[in-house]
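In what follows, residues are counted from 1 in the order of the sequence shown. Note that the coordinates shown come from a computational prediction; the quantities given were computed from them, not determined experimentally.
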Amino acid sequence: MTRVVGGILGRDGSYRDPMWELDVRLTPLEQQLLRTWEVRRLQFIAHGGASMLTTHQTYSRLEHSLGLFALAAYFDADDLPARAAALLHDIGHLPFSHTFEGLAGLDHHRLGEQRMLGLRPLLASHGMDVDEVIAIEAGSRPSVLRGERGLKLDHLESFLRSGRVHGRLMEPPPQTLKRLWVSEGAVHTDLATATYLAELATGEARYLCSWEDAVANGVMRGLVAWLLSGDLLDRIPWMTDDELWAVLLADPRTSEDAQRLRRDPMGWEVTLDGGTVDDGVDGYAYQVDKLYLTTACVDGVPIEFPAAELPALPWTCRIVWRP
């Protein structure tokens, strides 16, 4: 039968990734994992966080996870634990992905490990050890997913998927893929391709320190910080984006600014901060502390980044409502 849709449920025992143009025959375990809520929930989590309000970056964490899964199967089809780790690597993410990372100690890596452990019976029923899957995700067990240095497949997938929706790609991803190989968990290629991938990473870094990303994620993070105690702190790790929106729109402490953010993002003004973000000024303080700055290897060594083109960290700003 001719495939007429790009399914994400493995209904016919296979998965085709439309961005990478890769076909993967699913194992029975992989089919079952796609039906678990731990994995299925990722379809309701925006990969780019709240910036889905201000950019075309509206695709989900599940789309990215399936892309990584397809790459893992492409580079090492026989490493079934690594394929499972690729599907499961993001299941700890909070609603809106990285937006609330660190608030009240929330950590998607720790939550992800806990959720993987909860899948132990399912993995064991297919002869797979959850501890090995966790070790692969942590990088302590060698695989195509992660090495000690250089660009890993997770970041490669993110740079190209984000670059596609932001218009930064110079060629279709399948063409780039033909020039890549993986050794000791790192992406290797020729100098021209490695430079191109570094430019995509630089573009992503600039985007993370832009008005479009700061307004959406900064205001959203500030709204949740007001509410993040007691019951919500316990519930938020399992929430989806739409469930969190319902809370923010209903609570009188956050409803007004939540509506403003949804209805008129242009009403928010960003002012760069020269110092601390905790100086008591009205508005929402926002800070970027980390950028994803790994590069592909050429002749076994990661190439250098053009440091002058990168935002200086910490990148701090304040976001104020001024319609």
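Note on ring orientation: taking the six-membered ring where Trp is involved, the planes of H108 and H98 are perpendicular (angle over 60°, cut-offs 30° and 60°).
With hydrogens and angles disregarded, no donor-acceptor distance shorter than 3.5 Å links the side chain of D76 to the backbone of A72. Between the side chain of Q32 and the main chain of L29, no donor-acceptor pair closer than 3.5 Å is present. T202 places a side-chain N or O within 3.5 Å of a backbone atom of A198 that can act as its donor or acceptor partner. When atom types are taken as modelled, the side chain of Q57 and the backbone of M52 share no donor-acceptor pair closer than 3.5 angstrom.
A cation-pi arrangement is found for R115 relative to W238, the charged atom lying closer than 6.0 Å to the ring centre and inside a 45° cone about the ring normal.
A salt bridge links R179 to E171: at least one charged side-chain nitrogen sits closer than 4.0 Å to a carboxylate oxygen. Between D131 and R120 there is a salt bridge, since at least one side-chain N of the basic residue sits less than 4.0 Å from a carboxylate O of the acidic one. Remark: D241 does not engage R61 in a salt bridge, criterion side-chain N to carboxylate O under 4.0 Å.
With no hydrogens or angles considered, a side-chain donor-acceptor pair links S60 and Q43 at under 3.5 Å. With no hydrogens or angles considered, a side-chain donor-acceptor pair links E243 and T240 at under 3.5 Å. Checked by atom type, the side-chain pair D90/H47 shows no donor-acceptor distance below 3.5 Å. Side-chain contact annotation: R41 with T36, donor-acceptor N/O pair under 3.5 Å absent.
Sorted by first and then second residue, the ring pair (Phe, Tyr, Trp, His ring centres under 6.0 Å) pairs involving residues 299-323 (not counting sequence neighbours) are W268-W321. Judged as a ring pair (Phe, Tyr, Trp, His ring centres under 6.0 Å), the pairs with a partner in residues 136-168 (not counting sequence neighbours) are, in order, H155-Y292, H166-Y207.
The minimum heavy-atom distance linking A138 with R146 is given by the pair O-NH1, 3.3 Å. Residue A194 comes nearest to A296 through the heavy atom pair CB-CB, 4.1 Å, listed as atom of the first residue, atom of the second, then distance.
Here the two rings, on H89 and H64, have centers that are under 6.0 Å apart.
For W211, the ring-ring contact (aromatic ring centres under 6.0 Å, His included) criterion is met by no residue, not counting sequence neighbours.
Summarising the local packing, CD of E269 is surrounded by more than 12 heavy atoms from other residues, nucleotides or ligands at distances under 6.0 Å. For R35, the CZ atom counts as loosely surrounded, since its 6.0 Å shell holds 12 or fewer non-hydrogen atoms of other residues, nucleotides or ligands. For H126, the NE2 atom counts as densely surrounded, since its 6.0 Å shell holds more than 12 non-hydrogen atoms of other residues, nucleotides or ligands. Within a 6.0 Å radius of CG in D289, more than 12 heavy atoms belonging to other residues, nucleotides or ligands are found.
The shortest distance between side-chain heavy atoms of Y284 and L223 falls below 4.5 Å. Proximity of M128 to L80: side-chain heavy atoms (C-beta onward) are separated by under 4.5 Å at one or more points.
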Please lay out, stage by stage, how V24 and R16 fare under the test side chain to side chain contact (heavy atoms under 4.5 Å, CB included). CA-CA 6 Å; V24 184; R16 176 172 177 79; over 6 Å; no
Could you walk me through whether E212 and S51 pass the side-chain hydrogen bond (donor to acceptor under 3.5 Å, both in side chains) test, one step at a time? CA-CA 7 Å; E212 284 77 8; S51 63; over 6 Å; no
Are L88 and E38 close enough, and set up right, to give a side chain to side chain contact (heavy atoms under 4.5 Å, CB included), and what steps lead you there? CA-CA 8 Å; L88 298 175; E38 286 83 354; 5.5 Å; no
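With hydrophobic clusters built from ILVMFWY side chains whose heavy atoms lie under 4.5 angstrom apart, L106 shares a cluster with W226.
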